[in-house]
Amino acid sequence: MTDKTDYRATLNLPDTPFPMRGDLPKREPGWVKEWEDQGLYKRLRVARAGRQKFVLHDGPPYANGQIHMGHAVNKILKDMIVKSRQLKGLDAAYIPGWDCHGLPIENAIEKKFGRNLPRDEMQAKSRAFATEQIDLQRVDFKRLGVLGDWDHPYRTMEFQTEANEIRAFKRVVERGFVYRGLKPVYWCFDCGSSLAEFEIEYADKKSQTLDVGFKADDAARVAAAFGVADAVPDTFIVIWTTTAWTIPANQALNLNPEIVYALVETPRGRLIVAETLVEKALARYKLEGRVLATTAGKNLGGLEFRHPFYDVDLGFRRLSPVYLADYATAEDGTGIVHSSPAYGLDDFNSCVAHGMKYDDILNPVQGNGSYAPDFALFGGENIWKAVPHIIGKLEEAGRLFATETITHSYPHCWRHKSPVIYRAAAQWFVRMDEGEGVFTRDKAPKTLRRMALEAIEETSFYPENGKARLRDMIAGRPDWCISRQRSWGVPLPLFLHKDSGELHPKTMEILDLAADMVQAGGVEAWSKATTEEILAKAGAAADAAQYTKSQDILEVWFDSGTTHTTVLRGSHAGAAHENGPEADLYLEGHDQHRGWFHSSLLTACAMYGRAPYRGLLTHGFTVDSQGRKMSKSLGNGIEPQQVSSKLGAEIIRLWVAASDYSGDIAGDDKILARVVDAYRRIRNTLRFLLANVSDFDPAKDAVPLSELLEIDRYAMARAAQFQAEVLGHYEVYEFHPVVAKLQVYCSEDLGAFYLDVLKDRLYTTAPKSLARRSAQTALWNITHAMLRWMAPFLSFTAEEAWKVFGTSDSIFLEEYAEIGGPDEALLAKWERIRAIRDAANKEIEAVRAQGQVGSSLQANLVITAPADDFALLQGLGDDLKFIFITSAVRLQAGDALAIQAVPSTDTKCERCWHWRADVGQDAAHPTICGRCAANLFGAGEARVHA
C-alpha cells in the first residue's frame with residue numbers, strides 16, 4: 001500500500017439486497033401472490049398441528065359493496081392478533097366469514113330489477129349478488145396482507161349453515177324461549193319489516209309537540225272525583241305528546257296513581273294536569289287559571305274522556321278510559337300519557353293489563369307508513385306528512401291547546417337512517433324472562449336474561465368498559481323479535497292453523513324436515529315446496545287445507561348470531577376448540593355490543609347456557625382528524641384501495657397498529673404521512689441490521705454469550721427486556737404501545753446509542769475478529785427478535801426481510817426468538833452509562849454549535865465524576881472513548897458530575913476518523929492511526945467492553 005491507498009475500501013461497509021425504499025404499492029401484491037401460490041396458510045396449519053389452539057371467530061362483514069376503511073381496521077386487527085398468537089407457537093386458525101342474507105341485498109336487487117319480484121327470483125338473484133360481492137371483498141382483504149383460509153370461508157348462505165340455523169332455532173324452541181305474540185316492535189317503513197333492538201340507532205329529529213284536550217264524557221263524575229260540587233261541560237284532561245300521528249289511534253289515557261293531579265279553572269274550561277306542572281302548562285297555553293282542587297291519580301282511574309275527533313267524524317266516536325300506570329311521570333308535559341297501544345310498548349302493556357283484547361287494538365298504520373285507505377279523516381296519508389293535517393283538525397275541533405317544534409333524540413333505522421315507529425304486529429319472539437314458550441321439551445333452568453348476565457361475568461373484555469355496556473343492554477332489553485317479513489333469508493319453517501293460529505302439532509318434526517331440505521337445496525328448497533308437499537313428508541297430508549305456511553324469515557342477527565353452532569362446532573376443523581366450542585375471542589366495532597356480540601350471546605345462552613366466547617374486544621370507528629366519522633356524504637373518508645395503491649397496505653397496517661383502538665381511530669392524509677415517516681425509520685433500522693450481518697454465519701461465526709463484549713451483552717439483555725414487554729402487550733391484544741416502543745427502541749436504544757457506538761467496531765476492526773463477530777452475534781439475535789416483533793403488523797416488510805435473512809420459507813412459520821432473559825444488574829449499569837453519555841453529548845453539541853469541532857470524534861472529554869460514577873466509568877478502561885464516540889476521554893474524581901468538551905489537538909485518521917497522536921507513526925501508512933494499522937496489518941486492537 002502507498003499513501004494513496006483507498007482506505008475506505010478496507011472498511012467493512014454494510015451491504016444488503018434489502019432496499020432502502022420499500023416501493024410497497026408495487027411489491028406488496030407479489031407477496032400476496034406468493035403466499036397464495038405457496039399455500040402459506042395451509043402450511044401454517046401443518047406447522048402448528050397438535051399445538052394448543054387459539055380461536056378468533058370472525059364477525060362476518062355484510063356481502064354488499066366495496067370494503068371501506070372500517071372493514072380494513074377490523075380485519076387488520078384480527079390478522080395481527082392471529083399472527084401474534086401463531087408466532088407464540090399456538091395453532092391460530094383464521095376462518096373469514098360473510099353475512100349473506102337480509103335487507104341490504106334485497107334493496108340492491110330491487111334497485112336493479114324493480115320491486116315485487118317473485119320470491120324465487122329474489123332469492124336466486126340475491127344469492128348470485130352475494131357471491132359476487134364476496135369475491136370482490138375477498139380480493140381487497142387479501143391485499144391488506146390478511147392471512148386466512150380464504151379458499152374455505154364460512155358464509156351464512158351455505159346450505160349447511162342455513163340448515164344449522166334452523167336446527168339452532170329448534171333448540172331455542174325446545175328450551176322454552178320462543179313464543180308468538182302481538183306486540184309493538186320497531187318498524188322501518190323503508191325496510192318494510194320489523195327491526196330488532198340491535199338495528200336501532202338514535203339521531204336528532206324535528207317533531208311537533210302537542211298539548212291536546214280530551215273532553216270529559218261525564219263532567220259531573222270528574223267533578224265528584226275531585227270533590228268539587230259543581231260541574232261544567234267543558235272539562236278536559238290534557239295530554240302532551242311528540243307523536244302527533246298517534247293521536248288518531250288513541251284508545252286510552254294513563255295517569256300515575258301516586259301523582260297528584262289538579263283541576264284548574266281557565267277561560268277555556270276546566271283542565272286536568274299534574275299539580276306540579278300547572279304553572280308551565282298554563283304558560284304554554286297562554287291562559288290564566290286557578291286550581292280548584294287536587295287529588296291522587298288513583299282516584300281518577302276509570303273516568304272516561306272523548307276522543308279529540310269525537311265530534312268531527314263518526315269514525316272517532318269512542319271513549320278513552322283512564323288507566324293507572326307507573327310509567328306516567330310528572331317530569332314534563334302534563335303528567336298524562338295518551339295511549340295508542342299499537343304504537344308504544346308501555347301503552348300496549350297497560351291496555352292489555354287493563355283487559356283490552358288484541359282484536360280490539362287499533363292498528364291503522366300500514367307497513368309502508370301510511371294510514372289504511374279506509375281510516376277516517378286520514379286514510380291513505382303518510383303518517384309524517386299527515387301531522388299538519390292532524391294539527392289542523394285538532395285546532396278546528398277546539399282540542400289543540402299548544403304546539404311547538406322541538407329537536408329531540410329519536411330512534412332511526414340503522415341501515416336507512418330513517419325514523420322508525422313502534423308498530424304492533426304478530427311476530428315471533430325470544431323471551432328474556434319467565435313465561436311459557438311453544439313446544440318446550442327441555443326447559444332451561446334459568447331465564448335467558450339471567451343466563452346472559454351470568455355469562456357476561458365470565459367473559460374478559462378489552463377494553464374493560466365494554467362489560468358494563470353489554471351488561472346494561474342485556475339487563476334492560478325487551479324480548480327479541482326474530483321474525484322478518486322479507487324473502488332473502490332463512491325461513492321460519494312453521495305452519496299455523498288458519499282459524500286458531502296455533503302451530504301444527506308436528507312442528508318439531510317439521511323443523512327437522514326443513515333443516516334437511518335446506519341442507520340439500522338451500523332456503524330455496526323450502527320456499528319452493530308447497531304446504532301439501534311438506535306436510536305429506538311429515539306424515540300430515542290431511543292437514544294441508546287447514547294450515548298456512550309461514551312466509552316469515554329469521555332476522556339476519558339470528559343468522560350471524562348462530563354461526564358459533566356451525567363454525568365453532570366442526571364445519572371448519574381449525575376453528576373447533578379442544579377446550580370446548582367457545583372462541584377465545586370475538587372482535588368487532590363497539591357498535592356490536594348491540595349487534596353480533598349481543599345476538600351471539602343470546603343464542604348461545606338459549607341453546608347451551610353459556611356465551612360462545614371467552615373474550616370480547618371492541619374497537620372504535622374510523623374518523624377524520626376532526627373526530628367526524630368517515631362517510632361518503634361528508635367526503636372525509638380515506639379508502640383502503642387508494643391508500644394501498646398510493647402508499648402501500650403496510651402503511652394502513654402500521655396506522656391501525658399505532659392507533660389506540662379502544663377509542664375512535666383518526667386518519668387522514670396528514671396522519672398517514674406521519675405513519676410513512678415512522679415506517680421509514682423502522683425500515684432504515686432494519687436495513688442497517690441486515691446489512692451488518694450479511695457476512696455472518698451463526699453456525700461458524702457466533703460468539704458464546706459469555707464471551708461477548710459487555711455492551712453486546714447489554715444490547716442482548718435490553719432486547720430480551722423489550723421482548724418481554726412486547727409479548728406482554730400482545731398477550732392482552734395491545735398494539736399501539738408496541739409500535740410506540742418499537743419506534744423509541746429503534747431510534748434511541750439502537751440508532752442513538754448501540755448502533756451508533758457499534759459502527760466503529762463493525763467497520764474498522766478485522767472482518768473475522770472477536771470484536772466484530774461479537775457485535776454481529778448480538779445484531780443477528782436482535783434482528784431475529786425484531787422481525788418477529790414486527791411481523792404481526794408490518795407483515796410485508798418482515799417477510800421481505802426474512803427472505804434476505806431467514807432460513808425457512810416464511811417468517812410466519814417461525815416462533816418468537818429465544819434471546820435469554822434480561823440481566824437486571826447489567827441493564828442498570830448501562831442505563832447509568834447512557835445517562836452520563838447523554839450529558840456528555842449536550843456538552844459536545846454546545847462546542848459544535850460554537851464551531852470549535854465538526855463531529856464528536858474531534859472532541860476530547862474531561863469527565864469529573866463522584867465515586868460511584870468514577871468507578872463505573874473507570875471500569876470501562878480505554879473503551880470509554882468508543883462509548884462516548886470521542887477520540888479521548890480523561891477521567892478524574894470529584895464531588896459531582898461535571899463534563900468538559902475540548903477540541904482535539906491531534907491529527908484525524910483518514911480511515912477511522914478518530915483524532916489521535918499516533919497518526920502516521922507507521923511511515924508506510926502516514927495517514928492512518930496505529931489502531932487502524934494494527935487492525936489492517938497486525939493482531940488487531942483488543943476490545944473488552946465496547
Side-chain angles (χ1 to χ4, degrees), residues 60-65 97-137 153-170 188 190-196 199 367-368 415-416 427-428 482-496 510-535 537 548-563 566 571:
Y62 200 73
N64 183 25
W98 272 276
D99 213 351
C100 307
H101 296 127
L103 188 68
I105 289 176
E106 283 199 39
N107 283 344
I109 299 303
E110 287 181 349
K111 285 179 183 177
K112 188 172 182 180
F113 299 102
R115 288 180 174 271
N116 303 315
L117 288 174
R119 194 180 190 92
D120 292 350
E121 192 173 344
M122 172 61 79
Q123 289 174 338
K125 292 185 183 303
S126 294
R127 188 177 290 279
F129 178 82
T131 301
E132 293 170 0
Q133 298 301 302
I134 289 170
D135 289 341
L136 292 172
Q137 291 185 3
Y154 80 86
R155 306 184 302 170
T156 58
M157 66 178 182
E158 297 285 356
F159 294 177
Q160 173 82 44
T161 306
E162 291 175 334
N164 281 349
E165 187 176 339
I166 294 172
R167 295 181 181 114
F169 173 70
K170 180 191 175 188
C188 172
D190 291 316
C191 294
S193 180
S194 58
L195 301 182
E199 298 169 299
N368 63 0
R415 297 184 184 91
H416 292 99
Q427 302 285 354
W428 291 96
I482 58 171
S483 51
R484 293 292 180 273
Q485 294 68 53
R486 307 297 302 184
S487 299
W488 176 230
V490 175
L492 271 160
L494 304 170
F495 287 92
L496 300 170
I510 291 170
L511 288 174
D512 288 333
L513 176 63
D516 292 342
M517 291 173 64
V518 169
Q519 184 160 333
V523 297
E524 295 89 336
W526 174 264
S527 294
K528 291 173 183 176
T530 65
T531 299
E532 291 76 11
E533 290 169 344
I534 296 169
L535 291 182
K537 288 182 179 179
T548 299
K549 180 185 176 188
S550 171
Q551 297 299 310
D552 287 352
I553 62 170
L554 283 158
E555 70 134 341
V556 74
W557 289 111
F558 201 90
D559 283 22
S560 57
T562 52
T563 55
T566 302
S571 72

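All values below were derived from every heavy atom in this structure, side-chain atoms included, with hydrogens, water molecules and symmetry-related copies excluded.
Residue L195 comes nearest to C188 through the heavy atom pair CD1-CB, 3.7 Å, listed as atom of the first residue, atom of the second, then distance. For the pair I510 and P493, the tightest heavy-atom approach, listed with the atom from each and the gap, is CG2-O, 3.7 Å. Among all heavy-atom pairs drawn from P61 and G97, the shortest one is CD-O, 3.0 Å. Closest approach of F159 to V518, counting heavy atoms only: CB-O, 3.5 Å. R119 approaches S527 most closely through the heavy-atom pair NE-OG, 3.7 Å. Taking every heavy atom of both residues into account, G65 and Q133 meet most closely at N-OE1, 2.6 Å.
Rounding to the nearest 0.5 angstrom, the gap separating the CD atom in Q551 from the CG atom in L494 is 11.5 Å. A distance of 6.5 Å separates OG of S126 from CD1 of I105, quoted to the nearest 0.5 Å. Interatomic distance, CH2 of W98 versus OG1 of T156, reported as 11.5 Å (0.5 Å rounding). Atom NZ of K549 and atom CD of E532 lie 10.0 Å apart (nearest 0.5 Å). Within the model, atoms OG of S194 and CZ of R486 stand 10.5 Å from one another, a figure rounded to the nearest 0.5 Å.
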task: Evaluate side chain to side chain contact (heavy atoms under 4.5 Å, CB included) for L103 paired with E199, printing each intermediate quantity in order.
output: CA-CA 12 Å; L103 188 68; E199 298 169 299; over 6 Å; no

- request: Using the side chain to side chain contact (heavy atoms under 4.5 Å, CB included) rule, take F558 and L492 through it: C-alpha gap first, then chi angles, then the decisive distance, then the call.
  value: CA-CA 11 Å; F558 201 90; L492 271 160; over 6 Å; no

field: Derivation of the side chain to side chain contact (heavy atoms under 4.5 Å, CB included) call for W526 and I534
entry: CA-CA 9 Å; W526 174 264; I534 296 169; 3.5 Å; yes

task: Decide yes or no on side chain to side chain contact (heavy atoms under 4.5 Å, CB included) for D512 and I166, but give the supporting numbers first.
output: CA-CA 8 Å; D512 288 333; I166 294 172; over 6 Å; no

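In this structure, the side chains of E110 and L117 stay at 4.5 Å or more apart for every pair of heavy atoms. Side-chain atoms of I482 and F169, non-hydrogen and from C-beta on, do get closer than 4.5 Å to each other. No side-chain heavy atom of T566 sits under 4.5 Å from any side-chain heavy atom of E158. By the 4.5 Å heavy-atom criterion applied to side chains, N164 and T563 are not counted as neighbours. Contact of the T562 side chain with the R167 side chain is not registered, since no non-hydrogen atoms from C-beta on lie closer than 4.5 Å. At least one side-chain heavy atom of I134 sits less than 4.5 Å from a side-chain heavy atom of C100. When side chains are defined from C-beta on, M157 counts as touching T131, because their heavy atoms get closer than 4.5 Å. You'll find the side chain of N64 stays beyond 4.5 Å of the side chain of D99, heavy atoms only.
Applying the ring-ring contact (aromatic ring centres under 6.0 Å, His included) test between H101 and each of W557, Y62, W488 identifies W488 as the sole match.
Between K528 and D120 there is no salt bridge, since no side-chain N of the basic residue sits under 4.0 Å from a carboxylate O of the acidic one. Ion pairing of E106 with R484 is absent here, as no side-chain N (NZ or NE/NH1/NH2) approaches a carboxylate O to less than 4.0 Å. Note on R127 versus E162: salt bridge recorded, some NZ/NE/NH1/NH2 to OD/OE distance being below 4.0 Å.
Q137 places no side-chain N or O within donor-acceptor distance of the main-chain N or O of A63, the cut-off being under 3.5 Å.
Crowding of N116 atom CG: a count of heavy atoms from other residues, nucleotides or ligands under 6.0 Å not exceeding 12.
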